Amino acid sequence: MIISWNTTNKCNMFCKHCYRDSGTEAQGELTLEEGKELLNEIAKAGFKIVIFSGGEPLMLPYIFDLVEHAVSVDLRPVFGTNGTLLNEETAIRLKKAGAMGMGISIDSLDRKKHDDFRGLENSWDKTVAGMKACKKAGLPFQVHSTVMNWNMDEIIDLTDFAVEMGAVAHHIFFLVPTGRAVNIEEESLRTEQYEQLLTKIIMKQQQVKIELKPTCAPQFMRIAKEMGINLRFARGCLAGTHYCIISPTGEVQPCAYINQSVGNVRKTPFSQIWANSSIFNELRTMNYKGGCGKCKYKVACGGCRARAAFYNNGDFMAEEPWCLYRSAVEE
């Protein structure tokens, strides 16, 4: 099981797709001591991997203390970062604290496109410098890319770039309209585009040694099975079953893109929220509606619960709207 904790809302970027609407520090962010207790509870709940994200987690003054504490309770700390604040000194310090890997975001091989999307001048060069710093320090890193209609033709080339840079993986995030991303909803992929790109990614996986992982496009599990390709992943959408997210102020959500709190860790210990939340338990039933409920791949795929919620008035158990297989199920 894996959990993402947005440790702070502070960020040095203003990305167009940010689900947290990050930029300035949120009022009432968890303190260091509250953070340590949260990590204790995360371990108690049975999680093994904790992603420190944001905002930009490297803007949190006590992030290294949190990494050390995560290790002390047998969690594997990894990061989701824009990479621009990573230099060799920081990378060495993170590795020494116990960080196991850095997820670094880059969305285009075109510097101008990336910088415009991320809202920071020269961010492409700074991000690549961060990757190089990790490699030099011996701190494993992977490349994260968010897919939209204007960069979908670059994704396979970005995989080659990740290999060239020495990344251990390329994780490909399919845009979900949440937070600031609602303003660019029209740039998200549609049914045929999803199918085509996911097929290309799975085929590319057969050609490269690094891990390729589509995220928020769980149909990749069905496509791989149809192609007779075995992947190491057990399931597509993990929201509320094997994954959740915690905000800077302690609100717990099924995933980053389902903007619905199931509790706050300041009021209820996280381990209890994870075990007892009615929303989590409903997601675990897999009693989906429409095509997702009838689909023979519902256990392996699960449909994107966040996308289902966005396009169905908040109903996270509704059917996934952009699945090509849905029409075959309905017929």
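None of the values given here were measured: they were computed from a predicted structure.
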Inset, instruction - Could you pull out the closest heavy-atom pair between Ile273 and Gly263, with the gap in Å? - result: CD1-C, 3.9 Å
Legend entry - Expected output: side-chain Asn312 to main-chain Gly314 donor-acceptor under 3.5 Å: no
Inset, instruction - List in chain and number order the residues that pass salt bridge (Lys or Arg N to Asp or Glu O under 4.0 Å) with Arg93, two or more places apart in sequence or in another chain; answer none if no residue qualifies. - result: none
Legend entry - Derivation of the side chain to side chain contact (heavy atoms under 4.5 Å, CB included) call for Val168 and Glu211: CA-CA 7 Å; Val168 298; Glu211 173 188 276; over 6 Å; no
Inset, instruction - Using only heavy-atom distances, determine whether the side chains of Asn264 and Glu251 contain a donor-acceptor pair under 3.5 Å. - result: yes
Inset, instruction - Measure the acute angle between the ring planes of Phe173 and His171, then classify it against the limits of 30° and 60° as parallel, tilted or perpendicular. - result: tilted
Inset, instruction - Write down the atom of Ala97, the atom of Val71, and the distance for their closest heavy-atom approach. - result: O-CG2, 3.9 Å
Inset, instruction - Verify, without hydrogens or angle tests, whether Arg111 (side chain) and Leu109 (backbone) share a donor-acceptor contact under 3.5 angstrom. - result: no
Legend entry - Atom pair NZ (Lys213) and NE2 (His170), whose distance is rounded to the nearest 0.5 Å: 12.5 Å
Legend entry - Distance-only side-chain donor-acceptor flag, Glu37 / Asn40, under 3.5 Å: yes
Inset, instruction - Report yes or no: is the cationic atom of Arg284 (NZ for Lys, CZ for Arg) under 6.0 Å from the centre of the six-membered ring of Trp274, at an angle within 45° of the ring normal? - result: yes
Inset, instruction - Working to the nearest 0.5 Å, report the span between CZ of Phe52 and CG of Leu94. - result: 10.5 Å
Legend entry - Distance-minimising heavy-atom pair for Ile210 and Gln205: O-NE2, 2.9 Å
Inset, instruction - Return yes if a side-chain donor-acceptor contact under 3.5 Å exists between Glu29 and Thr8, otherwise no. - result: yes
Legend entry - Listed partners of Lys136 passing salt bridge (Lys or Arg N to Asp or Glu O under 4.0 Å), at least two apart: Glu88
Inset, instruction - Answer yes or no: is there a donor N or O on one side and an acceptor on the other, between the side chain of Trp124 and the main chain of Ser108, under 3.5 Å? - result: yes
Inset, instruction - Establish, from distance only, whether the side-chain atoms of Ser123 and Asp115 form a donor-acceptor pair under 3.5 Å. - result: yes
Inset, instruction - Say whether, by atom type as modelled, one donor and one acceptor occur between the side chain of Arg235 and the main chain of Pro218 under 3.5 angstrom. - result: no
Inset, instruction - Can you spot which of Arg222, Arg190, Lys200 makes a salt bridge (Lys or Arg N to Asp or Glu O under 4.0 Å) with Glu195? - result: Arg222
Inset, instruction - Over 60° means perpendicular and under 30° means parallel, so classify the ring planes of Phe270 and Phe47, tilted if in between. - result: tilted
Inset, instruction - Return the minimal non-hydrogen interatomic distance between Ile201 and Pro214, and the atom names on each side. - result: CG2-CG, 4.1 Å
Legend entry - Hphob cluster co-occupancy, Met165 + Phe79, side-chain heavy atoms under 4.5 angstrom: yes
Legend entry - Leu139 reachable from Val128 in the ILVMFWY side-chain graph, under 4.5 Å edges: yes
Legend entry - Residues Leu75, Ile3; criterion side chain to side chain contact (heavy atoms under 4.5 Å, CB included); working and verdict: CA-CA 10 Å; Leu75 290 169; Ile3 191 166; over 6 Å; no
Legend entry - Gap between atom OG of Ser261 and atom CD1 of Ile279 - 0.5 Å precision: 8.0 Å
Legend entry - ILVMFWY cluster, Ile258 and Ile2 together (side-chain gap under 4.5 Å): no
Inset, instruction - First locate atom CD1 of Ile155, then atom CG of Leu198, and finally report the distance between them rounded to the nearest 0.5 Å. - result: 11.0 Å
Legend entry - Any donor-acceptor N/O pair, Asn122 side chain to Asp125 backbone, under 3.5 Å: no
Inset, instruction - Kindly indicate whether a cation-pi arrangement holds for Arg305 with Tyr288, taking the cut-offs as under 6.0 Å to the six-membered ring centre and within 45° of the axis. - result: yes
Inset, instruction - Indicate the atoms forming the closest heavy-atom contact of Ser277 with Val262, along with that distance. - result: OG-CB, 3.5 Å
Legend entry - Exercise: do Asn87 and Thr90 side chains pair donor with acceptor under 3.5 Å: yes
Legend entry - Contacts of type salt bridge (Lys or Arg N to Asp or Glu O under 4.0 Å), residue Glu121, not counting sequence neighbours: none
Inset, instruction - Identify whether Leu158 and Tyr194 are in the same connected component of the hydrophobic contact network (ILVMFWY, side-chain heavy atoms under 4.5 Å). - result: yes
Legend entry - Check: Glu34 side chain, Thr31 main-chain N or O, donor-acceptor pair, under 3.5 Å: yes
Legend entry - Centroid-centroid under 6.0 Å between Phe14 and Phe117 rings: no
Inset, instruction - Run the salt-bridge test on Asp107 and Arg118 with the 4.0 Å N-O cut-off and return the result as yes or no. - result: yes
Inset, instruction - Please confirm whether the backbone N or O of Ala45 pairs with a side-chain atom of Ser271, one donor and one acceptor, at under 3.5 Å? - result: no
Inset, instruction - Examine Leu231 and Ile156 and state if one hydrophobic cluster contains both, with Ile, Leu, Val, Met, Phe, Trp and Tyr joined whenever side-chain heavy atoms are less than 4.5 Å apart. - result: yes
Legend entry - Backbone of Ile106 reached by a side-chain donor or acceptor of Thr127 within 3.5 Å: no
Legend entry - Side-chain H-bond candidate by donor/acceptor type, Glu185 with Tyr311, under 3.5 Å: yes
Legend entry - Main-chain N/O of Gly23 paired to Lys10 side chain as donor or acceptor, under 3.5 Å: no
Inset, instruction - Would you check if Pro321 and Arg307 make a side-chain contact, meaning some heavy-atom pair closer than 4.5 Å? - result: yes
Legend entry - Residue pairs involving residues 213-234 (criterion ring-ring contact (aromatic ring centres under 6.0 Å, His included); sequence neighbours excluded): Phe220-Phe233
Legend entry - Phe174 and Trp322 aromatic centres sub-6.0 Å: no
Inset, instruction - Quick one: list whatever passes salt bridge (Lys or Arg N to Asp or Glu O under 4.0 Å) with Lys16, sequence neighbours left out. - result: Asp116
Legend entry - Whether over 12 other heavy atoms sit under 6.0 Å from Met1 CE: yes
Legend entry - Modelled atom types, side-chain donor and acceptor of Arg20 and Asn6, under 3.5 Å: yes
Legend entry - Within 6.0 Å of NZ in Lys204, more than 12 heavy atoms from elsewhere: yes
Legend entry - Side-chain H-bond candidate by donor/acceptor type, Asn12 with Thr84, under 3.5 Å: yes
Inset, instruction - Output yes when a side-chain donor or acceptor of Asn82 lies under 3.5 Å from a complementary backbone atom of Ile104, and no otherwise. - result: no
Legend entry - Nearest heavy-atom neighbours spanning Leu86 and Cys134: CD1-SG, 3.7 Å
Legend entry - Glu186 atom CD: more than 12 heavy-atom contacts under 6.0 Å: yes
Inset, instruction - Please collect all salt bridge (Lys or Arg N to Asp or Glu O under 4.0 Å) contacts where either partner lies in residues 54-77, sequence neighbours excluded, each pair once. - result: none
Legend entry - Evaluation steps, side chain to side chain contact (heavy atoms under 4.5 Å, CB included), between Trp150 and Lys113: CA-CA 9 Å; Trp150 56 266; Lys113 289 181 179 179; 4.0 Å; yes
Legend entry - Heavy-atom neighbours of Gln27 CD exceed 12 at 6.0 Å: no
Inset, instruction - Take Ile92 and Lys95, measure what side chain to side chain contact (heavy atoms under 4.5 Å, CB included) needs, and give me the verdict at the end. - result: CA-CA 5 Å; Ile92 291 172; Lys95 184 179 180 181; 5.8 Å; no
Inset, instruction - Calculate, to the nearest 0.5 Å, the distance between atoms CE and OG belonging to Met152 and Ser188 respectively. - result: 11.5 Å
